[in-house]
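So the structure is just underneath, and the comments pick up after that.
Just so you know, residue 1 is the first one in the sequence shown, and it goes up from there. For the numbers below, each heavy atom of this structure counts, side chains included, while hydrogens, waters and symmetry mates do not. Start at 1 and go down the list; that is how both ligands and their atoms are numbered.
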Amino acid sequence: MSRVKASRFVCQACGFASTRWLGRCPNCQGWNTLVEERETSIPAGGRVRPGEGQPAEMVWLDNVPGANAPRLGTGLPEFDRVLGGGLVPGSFVLIGGDPGIGKSTLLLQAAATLSRTKPPVLYVSAEESAAQIKLRATRLGVPGQGLGVLATTQLEAVEAAIRKLKPAVAVVDSIQTLWSEGLGGAPGSVGQVRECAAHLTRIAKTDGVVLLVVCHVTKDGLLAGPRTLEHLADCVLEFEGDRHHLYRILRAVKNRYGSTSEIGVFEMTGAGLREVAELGDLFLPNDGSPLAGRAVAACMEGSRPLLVEIQALTATAAYGMPQRRASGLDSNRLAILLAVLEKRMGYRLGAADVFLNVAGGLLVEEPAADLAAAMAIVSAFKDRPLARAALVGEIGLSGEVRAVIHLDRRLEEAARLGFKHAVIPQANRDTLGAAPKGLEIEGAADLAQAVERALA
Ligand code: TYD
Ligand code: MG
């Protein structure tokens with residue numbers, strides 16, 4: 001059957017099709033909604049064939065085999081934890097991250113372990129030559145037995161290699177450099193990426209092979225192909241952390257087989273990624289000496305308590321518009337905290353530049369870190385250090401300190417790290433049982449009480 005290998009651009013919002021790319025859909029006026037798609041012609045002389053494959057048949061859920069298929073361990077417990085306990089056979093796992101963050105290193109380490117426990121494993125590199133991969137493997141000190149290496153950019157070659165080798169796990173590095181003959185357009189174009197990913201997903205499902213696919217993150221932080229890839233994948237993991245920081249954090253953005261609240265922490269060393277199982281005071285760079293603008297938040301990362309230092313700096317704005325910058329914390333959250341501090345506490349922050357930073361390149365998303373962020377700002381603004389204490393609490397718009405969950409785990413971790421003092425929401429204080437040994441706990445009902453208790 002002959003197919004026309006042309007592509008067209010289809011608006012993902014309204015279905016409008018055009019022969020060339022347009023920034024704005026003339027039909028629905030949506031911006032950047034046109035995506036390149038392969039156009040297949042109806043064969044000459046007639047009717048469209050109903051589906052090419054076998055018609056799908058219903059099965060009883062009870063009779064579906066493989067429900068208990070064991071998960072495959074990657075040899076990196078932190079990686080397994082983020083996956084929800086290892087790789088599920090036949091799953092399509094996407095790993096996104098900035099260039100140079102260590103995606104190839106992580107996957108080569110995992111592939112090397114899997115090639116011993118579950119040989120053979122295929123490592124497809126569309127970016128590096130086999131010699132470069134060998135060089136990295138030597139540097140990592142991993143054996144290469146049972147690990148097949150294929151350096152190609154052709155999707156068809158990858159498919160053929162998987163069909164021939166029948167590996168349990170295959171790594172594809174990266175989806176943006178992969179290219180299919182069947183479709184026009186340069187490698188990395190939205191149409192190519194989507195088509196290649198869809199094809200790989202089918203291979204994963206039909207051949208029961210786990211596909212670990214690297215995906216570069218675009219400038220605006222999206223996985224390529226405006227999030228379309230995320231729908232295809234079973235798991236979407238993000239490897240993050242500043243390239244200049246030692247620590248790398250792997251987190252699940254989507255996981256069909258596990259929770260998305262777990263993180264895995266790694267350290268980049270001269271010989272590859274090393275796991276950091278014991279988080280401890282990793283994100284507490286300050287040795288405890290009193291400095292203005294520093295506060296410690298007792299956070300939860302998934303099921304793990306984690307104490308994190310939040311730093312703030314306030315300065316008189318030099319130019320008209322004061323600047324507000326937050327790194328590691330949502331900037332909308334910062335704006336709300338500043339407004340609450342100004343309105344409820346009377347601090348004149350409206351004319352000040354405010355900078356907020358979370359230590360270690362960590363991204364703190366839970367509202368329970370509000371109290372520490374607010375106290376860091378207060379401390380910087382007053383230029384007075386805080387007492388050394390673990391702070392936890394969500395701040396409401398009227399300046400009230402709201403209760404948080406998992407308080408006992410946060411407090412235990414604080415006590416374990418040698419904290420003697422903690423400020424928690426009053427609502428939690430009222431219901432809290434015994435405090436961990438050596439930890440003095442104070443409750444705060446609102447910001448005013450929190451400031452009183454937190455300042456040294
Ligand atoms: P890499 O895995 O190539 O990143 P990605 O595939 O995400 O682009 O690793 C990138 C960085 O890691 C590179 O700058 C060098 C550093 N690195 C180490 O520090 N130690 C090592 O053992 C390896 C292999 C890399
Ligand atoms: Mg790479």
Step-by-step side-chain hydrogen bond (donor to acceptor under 3.5 Å, both in side chains) determination, Q192 to S180: CA-CA 7 Å; Q192 279 282 357; S180 166; 5.0 Å; no
Verdict with reasoning, S125 to D173, per side-chain hydrogen bond (donor to acceptor under 3.5 Å, both in side chains): CA-CA 5 Å; S125 183; D173 186 2; 4.8 Å; no
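Among S104, G100, G141, the residue whose heavy atom lies closest to atom 14 (O) of ligand 1 is G100.
At least one donor-acceptor pair under 3.5 Å links the side chain of K103 to the backbone N or O of G97.
For the residue pair E366/H406, the side-chain donor-acceptor check at 3.5 Å is not satisfied. With hydrogens and angles left out, the side-chain atoms of N255 and T260 include no donor and acceptor closer than 3.5 Å.
For K205, the NZ atom is densely surrounded, since the number of other residues' heavy atoms within 6.0 Å is greater than 12.
An N or O contact shorter than 3.5 Å links G272 to ligand 1 by distance. The shortest N/O to N/O separation between K103 and ligand 1 falls below 3.5 Å. Residue-to-ligand polar distances keep D173 apart from ligand 1: every N/O pair is separated by 3.5 Å or more. The N/O atoms of P99, backbone and side chain alike, include none that comes under 3.5 Å of an N/O atom in ligand 1.
Salt-bridge formation is not detected for the pair E413/R410: no Lys NZ or Arg NE/NH1/NH2 atom is positioned less than 4.0 Å from an Asp or Glu carboxylate oxygen. Under 4.0 Å is where a charged nitrogen must lie from a carboxylate oxygen, and between D207 and K166 no such pair does. Salt-bridge formation is detected for the pair E78/R304: a Lys NZ or Arg NE/NH1/NH2 atom is positioned less than 4.0 Å from an Asp or Glu carboxylate oxygen.
Applying the 4.0 Å criterion to heavy atoms of I101 picks out, from ligand 1, the atoms 4 (O), 7 (O). Here is the list of ligand 1 atoms found below 4.0 Å of a heavy atom in L140: 22 (O), 24 (C). Proximity to A271 (heavy-atom distance under 4.0 Å) selects the following atoms of ligand 1: 22 (O). Ligand-side atoms of ligand 1 in range of T269: 18 (C), 19 (O), 20 (N), 21 (C), 22 (O), range being under 4.0 angstrom from any heavy atom.
Listed by chain and number, the protein N, O or S atoms at a distance under 2.8 Å from the Mg ion (ligand 2) are S104 OG.
Both the sub-6.0 Å distance and the 45° axial angle are not jointly satisfied by R20 relative to the ring of F9.
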